[in-house]
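Everything on this sheet refers to the single structure shown next.
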Amino acid sequence: MGSKYPAYVLYEHIEKAHEKSHEEISRRGTDLLARGLSKYYGVELEEDGIAKGRYGKPYLVHHPEIHFNISNSGEYVIVIIAGLPVGIDLQEKKILDMAKLGKKIFSIDEYREFLASSDQQDEFFRKWVLKESYVKWTGEGLLHEIKNLPGTGWHQFLLIDKRYACAVHAEVPLALQVEEAVIYE
């Protein structure tokens, strides 16, 4: 497999997240990014320092050599920072009509695996975060139908909280350093 590239994952548990606005949750993600950039790269995030690429993937204007991705769901916000393109997705395992949604987002083989699983909820959300982290890694948005994503590259699942599914995607294996951060008290 060769050597792994370093990547840094910071996440924060947000107390009473349901009471927070979308803007506040987004700001917490940006604050996590700023903390990680400062701690691991010695870079300060400037107010105008984030822009969006052709398909909406964010990037650092003044440091294009540093890549990042942010996700939030339920009570958590999470960020990954690395020296190569990365994607991360986090989803709360909420009860929903997984069979109906699965038909829309899974390939035929993936859907069969989902139906045959002894833990359909876990299988559904693992497949979901894998697809979302892939799309976020490539930065292509949904150029491909979500059912038929190529699924190339390297991925790893992270356990942040058993009520959530989380996956990381990159072109090559990463040495992940995962840290829970407390930014707000």
Side-chain angles (χ1 to χ4, degrees), residues 1-12 29 32-33 35-37 39-41 43 50 52-60 63-74 76-93 101-102 104-114 116-117 119-181:
M1 236 187 201
S3 62
K4 294 183 176 186
Y5 290 85
Y8 308 96
V9 176
L10 291 92
Y11 68 94
E12 181 186 12
L32 271 179
L33 173 62
R35 180 178 179 163
L37 289 171
K39 181 175 182 176
Y40 298 112
Y41 290 90
V43 169
I50 298 176
K52 293 194 176 185
R54 181 174 175 191
Y55 299 106
K57 184 172 181 170
Y59 67 94
L60 298 172
H63 294 281
E65 74 282 6
I66 302 172
H67 301 266
F68 72 95
N69 201 232
I70 301 171
S71 184
N72 68 275
S73 182
Y76 288 92
V77 62
I78 193 165
V79 63
I80 185 167
I81 307 167
L84 51 96
V86 289
I88 193 165
D89 191 56
L90 175 75
Q91 292 292 325
E92 183 176 12
K93 296 177 183 177
L101 187 55
K104 292 180 181 179
I105 66 173
F106 297 150
S107 69
I108 293 169
D109 289 341
E110 289 170 333
Y111 190 68
R112 286 184 186 136
E113 290 170 3
F114 157 71
S117 174
D119 186 343
Q120 286 187 340
Q121 185 183 45
D122 187 62
E123 184 71 12
F124 175 87
F125 283 99
R126 286 173 61 90
K127 289 185 181 315
W128 183 335
V129 296
L130 200 57
K131 287 177 177 285
E132 291 287 335
S133 65
Y134 175 86
V135 167
K136 293 170 86 177
W137 159 52
T138 63
E140 296 177 346
L142 291 176
L143 286 180
H144 308 280
E145 184 180 358
I146 196 157
K147 282 184 176 186
N148 302 317
L149 292 175
T152 56
W154 171 90
H155 71 271
Q156 183 170 323
F157 293 101
L158 300 178
L159 180 60
I160 302 301
D161 180 314
K162 67 182 180 179
R163 300 169 299 150
Y164 292 77
C166 183
V168 171
H169 238 108
E171 183 175 354
V172 296
L174 301 174
L176 298 173
Q177 182 173 325
V178 180
E179 171 187 343
E180 182 172 12

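All values reported here derive from a predicted model rather than from experimental measurement. These values consider heavy atoms only, across backbone and side chains, with no hydrogens, waters or symmetry-generated copies.
Lys4 has its side chain out of reach of Leu174: every pair of non-hydrogen atoms, C-beta onward, lies at least 4.5 Å apart. Using a 4.5 Å cut-off on side-chain heavy atoms (C-beta onward), Ile70 and Leu32 make no contact. Contact check for Val129 versus Cys166: no side-chain heavy atoms found under the 4.5 Å cut-off. The shortest side-chain heavy-atom distance between Arg35 and Leu10 falls under the 4.5 Å cut-off. Within the 4.5 Å cutoff, the side chain of Lys93 has no heavy atoms near those of the Lys162 side chain.
Lys57 contributes a side-chain N or O that, together with a main-chain N or O of Trp137, makes up a donor-acceptor pair within less than 3.5 Å. For the pair Glu123 (side chain) and Gln120 (backbone), a donor-acceptor distance under 3.5 Å is absent. Within the 3.5 Å criterion, the main-chain N or O of Phe114 finds no donor-acceptor partner in the side chain of Ser117.
For Glu113, the salt bridge (Lys or Arg N to Asp or Glu O under 4.0 Å) partners two or more places apart in sequence, or in a different chain, are Lys127. Take Glu180 and apply the side-chain contact (heavy atoms from CB on, under 4.5 Å) test, not counting sequence neighbours, and it matches Tyr11, His13. With sequence neighbours excluded, the residues forming a ring-ring contact (aromatic ring centres under 6.0 Å, His included) with Phe125 are Trp128, listed by chain and number. Taking His67 as the reference, nothing meets the ring-ring contact (aromatic ring centres under 6.0 Å, His included) condition, with sequence neighbours excluded. Considering only residues two or more places apart in sequence or on other chains, Asp109 meets the salt bridge (Lys or Arg N to Asp or Glu O under 4.0 Å) condition with Arg112.
Put simply, CD on Glu65 and CG on Leu60 are 8.0 Å apart, with the number rounded to the nearest 0.5 Å. For the atom pair Phe157 CZ and Leu130 CG, the distance stands at 4.5 Å (nearest 0.5 Å).
A side-chain donor from one of Gln177 and Tyr40 sits under 3.5 Å from a side-chain acceptor of the other.
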**Message:** Using side-chain contact (heavy atoms from CB on, under 4.5 Å), reason through Tyr164 and Ile78 one step at a time and then give a plain yes or no.
**Reply:** CA-CA 12 Å; Tyr164 292 77; Ile78 193 165; over 6 Å; no
**Request:** Dump the intermediate steps for side-chain contact (heavy atoms from CB on, under 4.5 Å) on Phe106 and Leu101, then the final yes or no.
**Result:** CA-CA 8 Å; Phe106 297 150; Leu101 187 55; over 6 Å; no
**Request:** Applying side-chain contact (heavy atoms from CB on, under 4.5 Å), run through Ile66 and Val43 and close with a yes or a no.
**Result:** CA-CA 10 Å; Ile66 302 172; Val43 169; 4.0 Å; yes
**Prompt:** Given Tyr59 and Ile50, is the side-chain contact (heavy atoms from CB on, under 4.5 Å) satisfied, shown in steps?
**Reply:** CA-CA 6 Å; Tyr59 67 94; Ile50 298 176; over 6 Å; no
Would you be so kind as to tabulate the donor-acceptor pairs closer than 3.5 Å made by side chains of residues 80-89, with sequence neighbours excluded?
{"from": "Asp89", "atom 1": "OD1", "to": "Ser71", "atom 2": "OG", "distance (Å)": "3.4"}
{"from": "Asp89", "atom 1": "OD2", "to": "Gln91", "atom 2": "NE2", "distance (Å)": "3.3"}

